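Throughout, protein chains are lettered first and strands after them, A, B, ... in sequence-line order, and every chain is numbered starting at 1. As the structure is a computational prediction, the values presented were derived from the model and not from experiment.
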Amino acid sequence: MTDGPSDSPARYDFVAAELRWQRAWSDASLFSAPDVPDGSKPKYYVLEMFPYPSGKIHMGHVRNYTLGDVVARYKRARGHQVMHPMGWDAFGLPAENAARERGTHPAAWTYANIANMRAELKSMGLSLDWSREFATCDPEYYGQQQALFLDFLGAGLVERRKSWVNWDPVDGTVLANEQVIDGKGWRSGAPVEKRELSQWFLAITKYAPQLLEALNTLDRWPERVRTMQANWIGRSEGARVRFALAEPVDGTAEVEVFTTRPDTLYGMSFLAVAAEHPLAAAAGARDPKAAEFIAECRSQGTSEAAIEQAEKKGFDTGFRVKHPFIPGATFPVWIANFVLMEYGTGALFGCPAHDQRDIDFARKYGLPVMPVVLPPGEDPATFDVGKTAYTGDGTLFHSEFLDGLGTEAGKRAAIDALEAKGVGQGVVNWRLRDWGVSRQRYWGCPIPVIHCDDCGIVPVPKDQLPVRLPEDVDFARPGNPLDHHPTWKHVDCPSCGKPGRRETDTFDTFVDSSWYFARFTAPRAETPLVAAAANGWLPVDQYIGGIEHAILHLLYSRFFTRALAGMGHLDTPEPFAGLFTQGMVQHASYKAPDGRWLAPDEVEATPDGGAVERATGIALTVSRNDKMSKSKRNTIDPGGIISRYGADTARWFILADNPPDRDMEWSEAGVSGAHRFVQRLWRLAATLESRGGAQGSEGEARPLMQAVHRTIAAVTAALDSFAFNVAVARLHELANAIESSPAPLEARREAVGLMARLVAPMMPHLAEEIWSILHPGEGTLVAGMPWPEADPALLMAESMTIAVQVLGKLRATLSVPVGIAEAELMALAEAEENVQRAIAGKPIRKRIHVPGRVVNFVV
RNA sequence: GCGGGUGUGGCGGAACGGUAGACGCGGCGGACUCAAAAUCCGCUUCUGGCAACAGAGUGCCGGUUCGAAACCGGCCACCCGCACCA
């Protein structure tokens with residue numbers, strides 16, 4: 001048999017085909033969603049986290065949008081009315097960096113990037129409803145966001161208070177945490193200071209109980225994300241305890257602490273306050289050494305990681321507090337760098353024996369360690385702690401009226417006693433802090449308020465929205481361009497008409513991404529949302545994005561949705577009914593001995609698994625599994641892959657390589673393997689007629705149809721459970737089965753047609769191409785066809801393979817008819833030569849039979 | 001530091017507590033070709049053995065079970081997040 005008619009092309013021309021089918025889908029308007037689901041079919045809203053328009057799409061985008069597109073196309077085929085929109089998370093720091101570095105305006109830079117990335121996304125063949133596209137930097141979007149903010153204000157969900165920021169004293173700007181490198185400003189190199197600013201906050205903590213409680217209802221979210229959110233919200237029961245100062249300090253008579261362990265009050269050996277605490281300030285005013293220590297804490301960086309990883313340090317203020325229960329006993333007040341001002345009251349009492357941080361601190365500064373909780377089975381006369389605190393439950397001792405109580409009973413008794421004395425009470429404390437949304441930057445949504453000397457803070461009237469960003473801004477000067485713009489901030493007070501000042505802070509970009517999914521349901525509306533559309537489409541049925549958003553973005557969006565529901569904008573309290581978190585895309589990175597990072601195309605692999613620089617032959621340090629990043633130069637441009645191999649190849653490789661929730665490693669070899677499969681499937685269809693087998697008998701058709709229908713069942717189950725790599729494996733098996741099948745032509749034609757439909761969510765262009773080869777001139781699009789159904793009659797097997805074990809070790813396998821009697825099976829199994837040898841004449845004590853699977857003899 | 005996760009051949013991975021390694025990548029051998037590419041066929045966890053087969057094996061140590069990659073306890077390594085990166 002030859003390869004087929006000599007005039008048939010031997011290769012699939014994916015470049016022409018992909019463009020052709022993208023146009024056909026667009027002409028048929030297959031992917032546009034109605035404004036409100038019309039009820040003809042169940043609605044399904046698929047959404048991937050929208051991209052930041054950095055300039056080019058990266059592999060993480062390709063993975064994210066491929067996953068979403070598989071879901072969208074599959075659900076459409078399963079009879080859903082699908083909404084699958086796309087937009088741009090377009091505000092943010094990089095646009096300002098580009099403006100400072102290259103002199104391009106942030107808006108021009110951003111919209112040029114969007115144009116480029118839109119074209120790249122279109123080349124992927126995604127089944128998106130592009131008519132709903134918007135960018136968060138469109139005034140039509142951020143103006144509606146300003147309107148929402150005014151509603152938040154009206155609902156009492158906005159507060160203004162002071163908080164600490166990273167300050168670059170040379171550049172005169174606030175720095176993001178990522179702009180602080182080793183405690184220094186990334187551009188100026190100057191040591192970063194903490195500075196206190198008045199900032200806008202959204203009162204997410206008012207929703208803390210609901211946000212925690214409702215995690216139980218999110219049964220299509222990954223367990224780990226729910227756990228992380230629950231820990232982040234951090235509900236803990238404990239007590240607030242007011243310690244009287246031995247001597248009043250600046251008129252203050254007491255310090256309040258929060259503790260989750262009021263039962264251990266008798267083990268107290270010190271009290272510690274944060275460096276930002278008023279008592280610390282009072283100490284600083286009295287003692288230059290204290291002020292020096294506070295300054296040192298202030299250079300520590302504002303992130304929790306930086307604070308907790310820093311060496312534990314303290315300073316004894318000389319102030320003392322009285323114990324609430326022990327008459328006459330007083331304890332020193334320290335300033336400690338591990339106490340967070342934002343958590344609890346910014347002060348804690350130290351019980352070294354039963355808290356690890358406290359004992360580290362106590363050992364370092366020679367403070368007493370007094371055990372008061374006796375672990376089960378320990379002797380009170382001998383129990384002591386060394387370097388490790390005992391943090392578990394036990395029986396209280398050395399604790400007067402608490403002696404003999406267990407941990408829980410002790411907490412209750414201590415709280416009762418504190419309340420009776422009027423020096424404390426039981427409280428629920430939350431780790432969650434209010435959301436600071438102020439940013440001192442240009443490229444963000446202006447916060448729509450005006451400051452007036454007489455009226456105070458005045459909201460911009462809704463009919464004056466949007467508050468547009470000025471276009472003529474100067475990035476040459478350091479600081480916030482809005483603040484030093486000559487005219488923009490000078491406006492009259494809307495209330496009294498006297499000269500006032502615009503707020504020059506803009507919103508955190510997380511605000512932009514906290515409601516975009518709702519705006520997609522009515523992207524052009526003159527109000528932020530349209531209730532009928534939002535309620536019709538929300539919640540998002542399947543949301544897909546990176547695990548790095550497990551907490552902040554997802555929690556902020558949940559808060560926003562609840563707040564919007566509370567204000568009557570929509571009905572659904574939760575934005576995302578289903579969540580899938582994808583892994584990162586990684587690539588090996590290559591570093592030269594002189595510290596240069598080399599791009600993959602500058603590198604040659606060596607047989608021993610290493611790599612050398614192609615130009616010089618210098619051996620390189622290869623590090624596998626590095627996150628793709630510009631600084632390590634290990635990024636692969638998806639655009640190049642798509643033009644060289646086609647979108648289907650890129651999509652197929654990304655799906656085939658590994659489970660989508662795990663990190664994946666991009667490999668050239670894997671891509672070319674995927675492309676081979678694309679060509680092979682196409683050939684299967686294109687050469688069907690010429691491959692012989694037309695004379696095959698009807699009897700040979702049945703095994704092939706069984707294979708096809710088993711594949712339908714397996715691929716359906718795999719797609720339902722996000723096991724896309726397994727779906728790919730099953731389709732490989734089916735291709736193998738079709739190629740080697742002697743079935744007649746018609747059966748093979750049917751098999752290839754069904755295969756095309758199964759492949760369609762993953763490789764949509766190839767599916768159309770194959771379908772059009774099999775059904776020339778019909779003009780039907782696979783993208784509009786229903787999902788194939790597996791025929792139960794073809795799923796039944798005639799025989800099965802049973803594993804035969806002796807003592808759990810495999811000794812033989814048996815192929816038996818499906819309906820075989822147990823006794824007959826046991827006899828056959830026992831008669832096997834290998835089984836007999838393993839039994840070695842010993843009596844069989846037990847026979848275990850797992851139907852359809854295994855027989856195990858216990859001797 | 002705190003919180004969360006992951007770990008299976010040379011590589012990516014598959015496996016309702018029931019035949020570990022499906023499927024693919026890579027490699028080796030062969031066919032076709034003047035040759036190459038493309039394509040096709042075979043082998044490919046490790047050790048011993050011509051083979052039949054036997055032993056070992058899912059990060060490490062221990063446990064539960066007739067049977068553990070999966071369940072439990074204790075470790076190790078790596079990855080993600082930590083509130084102004086998006």
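Between A/D434 and A/K206, no side-chain nitrogen of the basic residue sits less than 4.0 Å from a carboxylate oxygen of the acidic one, so the salt-bridge criterion is not met. Ion pairing between a basic and an acidic side chain is recognised when a charged N comes within 4.0 Å of a carboxylate O; A/R195 and A/E193 show no such pairing.
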Protein-nucleotides 61-70 of chain B N/O pairs closer than 3.5 Å?
residue, atom, partner, partner atom, Å
B/rC66, O2, A/N856, ND2, 2.4

Review item, nucleotides 46-51 of chain B N/O atoms under 3.5 Å of protein N/O:
none

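The residue A/G436 sits close only to the backbone: its heavy atoms come under 4.0 Å of sugar-phosphate atoms, none of a base. Using a 4.0 Å heavy-atom criterion, one finds that A/R357 contacts no nucleic acid atom at all. Using a 4.0 Å heavy-atom cutoff across all strands shown, A/H549 reaches at least one base atom of the nucleic acid. A/L432 comes within contact range of at least one nucleobase, with a heavy-atom separation under 4.0 Å. When heavy atoms are screened at a 4.0 angstrom cut-off, A/P51 is found touching no nucleic acid atom at all. Nucleic acid contact for A/R224: sugar-phosphate only, since backbone atoms but no base atoms lie under 4.0 Å from a heavy atom of the residue. In this structure, A/R811 reaches the sugar-phosphate backbone alone: every heavy-atom distance under 4.0 Å involves primed, P, OP1 or OP2 atoms, never a base. Among the heavy atoms of the strands lying under 4.0 Å from A/T813 is at least one base atom, whether or not backbone atoms are also near.
Among the nucleotides B/rA22, B/rC53, B/rC82, the one closest to the side chain of A/L552 is B/rC82. Here the nucleotide nearest the side chain of A/R837, chosen from B/rA86, B/rC53, B/rA14, is B/rC53. Closest contact between the side chain of A/N231 and the listed nucleotides B/rG1, B/rC53, B/rG4 involves B/rG4. Side-chain proximity of A/T801 to the nucleotides B/rC40, B/rC80, B/rU19 is greatest for B/rU19. Listed nucleotides B/rG18, B/rA20, B/rA54 differ in distance to A/L810; the shortest reach to its side chain belongs to B/rA20. The listed nucleotides are B/rC23, B/rC40, B/rA14; the one nearest the side chain of A/R662 is B/rA14. Across B/rG18, B/rC84, B/rC79, the shortest atom-to-atom separation from the side chain of A/M584 is found for B/rC79. Considering only the side chain of A/L93, B/rC85 comes nearest among B/rC85, B/rG18, B/rC84. Minimum atom distance to the side chain of A/N725 is reached by B/rA14, of the listed B/rA14, B/rC40, B/rG81. Ranking B/rA83, B/rC84, B/rC53 by closeness to the A/N834 side chain, first place goes to B/rC53.
Within 6.0 Å of atom NZ in A/K194, more than 12 heavy atoms from other residues, nucleotides or ligands are found, so the atom counts as buried in its surroundings. At most 12 heavy atoms of other shown residues, nucleotides or ligands fall within 6.0 angstrom of atom CZ in A/R845.
B/rU58 and B/rU6 have their C1' atoms separated by 14 Å, with the value rounded to a whole Å. Atom name P, nucleotides B/rG74 and B/rG81: the rounded distance is 27 Å, in whole Å. Taking atom C1' in both B/rA69 and B/rU8, the straight-line distance is 7 Å, to the nearest Å. Distance noted for atom C1' between B/rG7 and B/rA14: 16 Å (whole Å). Rounded to the nearest Å, the gap between the C1' atom of B/rG26 and that of B/rC32 is 23 Å. Between the P atoms of B/rC2 and B/rC11, the separation comes to 32 Å (whole Å). Comparing B/rG29 with B/rU19, their C1' atoms sit 29 Å apart, to the nearest whole Å. For the P atom pair drawn from B/rU47 and B/rG57, the interatomic distance equals 15 Å after rounding to whole Å.
Checked by atom type and distance alone, the side chain of A/K364 pairs as donor or acceptor with a backbone atom of A/K312 at under 3.5 Å. With hydrogens and angles ignored, the 3.5 Å screen pairs a side-chain donor or acceptor of A/N658 with a backbone N or O of A/D663.
Using a 4.5 Å heavy-atom threshold, the side chains of A/Y516 and A/S557 count as separate.
When Watson-Crick and G-U wobble pairs are counted only if both distances are under 3.5 Å, B/rC43 pairs with B/rG27. Pairing partner, B/rU6: B/rA77, with both Watson-Crick or wobble hydrogen-bond distances short of 3.5 Å. Under the Watson-Crick or G-U wobble criterion, with both distances below 3.5 Å, B/rU33 has no partner in any strand shown. Checking B/rA14 for Watson-Crick or G-U wobble geometry (two distances, each under 3.5 Å) identifies no partner in any strand. The pairing partner recorded for B/rG62 is B/rC72, the criterion being a Watson-Crick or G-U wobble arrangement whose two distances lie under 3.5 angstrom. As the counterpart of B/rC53, B/rG48 is assigned, both hydrogen-bonding distances of the Watson-Crick or G-U wobble pattern falling under 3.5 Å. The nucleotide B/rC84 finds no pairing partner, because no Watson-Crick or G-U wobble arrangement with both distances shorter than 3.5 Å includes it.
For B/rG10, the base is anti relative to its sugar; the glycosidic angle deviates from 0 by more than 90°.
In this structure, the CZ atom of A/R683 is 6 Å from the P atom of B/rC40, given to the nearest Å. A straight line from CG of A/D663 to P of B/rG12 spans 12 Å, rounded to a whole angstrom. Between A/W435 atom CH2 and B/rC84 atom P the separation is 10 Å, expressed in whole Å. Rounded to whole angstrom, the span from the CZ atom of A/F653 across to the C1' atom of B/rG13 amounts to 12 Å. Between A/R63 atom CZ and B/rG12 atom P the separation is 14 Å, expressed in whole Å. Summarising the geometry, the separation between CD on A/E342 and P on B/rC84 is reported as 10 Å, rounded to the nearest angstrom. A/E96 has its CD atom 14 Å from the C1' atom of B/rA86, to the nearest Å. Atom CG in A/L734 sits about 12 Å away from atom P in B/rG24, given to the nearest Å.
Less than 6.0 angstrom separates the ring centroid of A/W515 from the ring centroid of A/Y141. Aromatic rings of A/Y556 and A/W435 (six-membered ring for Trp) have centroids within the 6.0 Å cut-off, being under it. Taking the ring centroids of A/F677 and A/W652, they lie under the 6.0 Å cut-off. A/Y645 and A/F653 have their aromatic ring centers separated by at least 6.0 angstrom.
Of the candidates A/D508, A/N480, A/D505, A/D508 is the only one forming a side-chain hydrogen bond (donor to acceptor under 3.5 Å, both in side chains) with A/R439. For the pairing with A/W443, the ring-ring contact (aromatic ring centres under 6.0 Å, His included) check across A/Y52, A/F91, A/W109 returns one residue only, A/F91.
Under 3.5 Å, the side chain of A/R441 and the base of B/rC84 form at least one donor-acceptor pair of N or O atoms.
Where A/N736 and A/M228 each meet RNA chain B at their nearest nucleotide, the meeting point lying more 5' is that of A/M228. RNA chain B is contacted by both A/S438 and A/E308; A/E308 maps to the nucleotide lying nearer its 5′ end (nearest heavy atom per residue).
For A/N166 and A/Q179, the side-chain atoms include no donor-acceptor pair closer than 3.5 Å.
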